[in-house]
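Below is one structure; the comments refer to it alone.
All values reported here derive from a predicted model rather than from experimental measurement. Reckoned from all heavy atoms, side chains included, excluding hydrogens, waters and symmetry mates.
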Amino acid sequence: MMNNKLHSYDLATQKLMAQATELDVPTTGAFSLPKMVQLLRESFKYQLTYYRVFNELRPRNYDPSLGFCRVASYYINTHFPGQFHFMRTPIHWWLRHRETGIDFDITYTQFNDPFPYHLGQIEEFTEKDQGIVKILQNKAMILGKSAGLE
């Protein structure tokens, strides 16, 4: 059963890498968007990554991307400045490509049903959100290091 889940997860990763290639986001650092997706998704599989980022153990038998939506989307968004809107609902975060309007969700596999992206709003951080931003920056850096991106 677990092998089937991981196989399905790996197929979804390939789909995300293809979508990232189609978005044709210019590479601004050492990693292209498809390569970043591949490395982040691979790191999600490891309990140690979850523990390093969140200081707790991930529940067993859940999709490896569970819980990483905000941190991973933030990480990608900061490494490809101006390319995406950082989107949110009360329970989920993802990216929307600014030029095409296409939703790009590195953690979409955590949901069994299609997510209602049309309900999303752009998350813009203000001066009062600096504490949250600092926490996100720290967690994103830990995630990037765990994925071999830093």
Side-chain angles (χ1 to χ4, degrees), residues 1-123 132 135-150:
M1 179 82 163
M2 189 59 160
N3 279 343
N4 287 339
K5 283 185 178 182
L6 283 179
H7 180 70
S8 177
Y9 180 83
D10 289 341
L11 289 175
T13 299
Q14 294 298 320
K15 178 182 170 186
L16 280 165
M17 290 171 61
Q19 183 186 16
T21 300
E22 289 174 14
L23 289 176
D24 196 28
V25 174
T27 301
T28 57
F31 296 94
S32 67
L33 180 58
K35 186 64 175 177
M36 188 176 285
V37 167
Q38 178 189 21
L39 293 172
L40 286 170
R41 294 273 300 179
E42 184 64 26
S43 74
F44 295 163
K45 292 179 185 178
Y46 300 101
Q47 184 70 262
L48 184 57
T49 301
Y50 193 91
Y51 185 78
R52 285 178 177 161
V53 174
F54 302 110
N55 288 329
E56 61 185 56
L57 296 177
R58 174 179 48 219
R60 292 200 174 273
N61 299 320
Y62 285 91
D63 182 89
S65 67
L66 178 70
F68 284 107
C69 58
R70 192 174 196 186
V71 175
S73 295
Y74 183 86
Y75 185 85
I76 292 170
N77 197 41
T78 59
H79 283 78
F80 296 96
Q83 297 297 310
F84 296 100
H85 290 293
F86 190 55
M87 303 299 295
R88 69 167 175 84
T89 66
I91 63 164
H92 189 53
W93 289 263
W94 69 97
L95 300 171
R96 181 169 290 153
H97 191 251
R98 287 177 186 255
E99 188 176 308
T100 64
I102 293 172
D103 291 311
F104 185 73
D105 185 356
I106 190 169
T107 64
Y108 82 93
T109 54
Q110 67 183 306
F111 297 103
N112 291 328
D113 297 318
F115 190 80
Y117 295 106
H118 66 282
L119 298 176
Q121 299 175 353
I122 296 172
E123 179 154 57
I132 292 169
I135 291 168
L136 267 175
Q137 288 171 337
N138 290 336
K139 290 184 180 301
M141 182 63 70
I142 293 166
L143 177 59
K145 286 180 180 178
S146 295
L149 294 164
E150 297 289 331

How far apart are the closest heavy atoms of [X] and [Y], and which atoms are they?
| X | Y | result |
| --- | --- | --- |
| A12 | T109 | CB-CG2, 3.3 Å |
| F86 | S73 | CE1-CB, 3.5 Å |
| R60 | Y62 | O-CD1, 3.0 Å |
| R96 | G101 | CG-O, 3.6 Å |
| S146 | R52 | OG-CD, 3.5 Å |
| Q83 | V25 | CG-CG1, 3.6 Å |

* Asked: When you look at F80 and F31, which way does the ring pair (Phe, Tyr, Trp, His ring centres under 6.0 Å) test go after all the steps?
  -> CA-CA 10 Å; F80 296 96; F31 296 94; 9.9 Å; no

Mark yes or no for whether [X], through its side chain, and [Y], through its backbone, hold a donor-acceptor pair below 3.5 Å.
| X | Y | answer |
| --- | --- | --- |
| T49 | S43 | yes |
| Q47 | R58 | yes |
| K45 | P64 | no |

* **E150 side chain to Y75 side chain, donor-acceptor N/O pair below 3.5 angstrom** => yes

* **Pair D105-Y117, side-chain donor/acceptor within less than 3.5 Å** => yes

Would you indicate whether the side-chain heavy atoms of [Y] and [X] approach each other to under 4.5 Å?
| X | Y | result |
| --- | --- | --- |
| I91 | F115 | yes |
| I106 | M36 | no |
| P81 | T28 | yes |
| L66 | F44 | no |
| V37 | Q19 | no |
| Y9 | D63 | yes |
| W93 | V71 | no |
| L95 | M87 | no |

* To do: Would you please classify the geometry between the F84 ring and the H97 ring as parallel, tilted or perpendicular, with 30° and 60° separating the classes?
  => perpendicular

* To do: Could you tell me whether M17 atom CE has more than 12 heavy atoms of other residues or ligands within 6.0 Å of it?
  => yes

Rounded to the nearest 0.5 Å, what separates atom [atom1] in [X] from atom [atom2] in [Y]?
| X | Y | atom1 | atom2 | result |
| --- | --- | --- | --- | --- |
| D103 | W94 | CG | CH2 | 6.5 Å |
| T89 | E123 | OG1 | CD | 10.0 Å |
| L143 | Y50 | CG | OH | 12.0 Å |
| L16 | L11 | CG | CG | 11.5 Å |

* Run the numbers on H92 and F111 for ring pair (Phe, Tyr, Trp, His ring centres under 6.0 Å), then give the verdict. => CA-CA 10 Å; H92 189 53; F111 297 103; 4.7 Å; yes

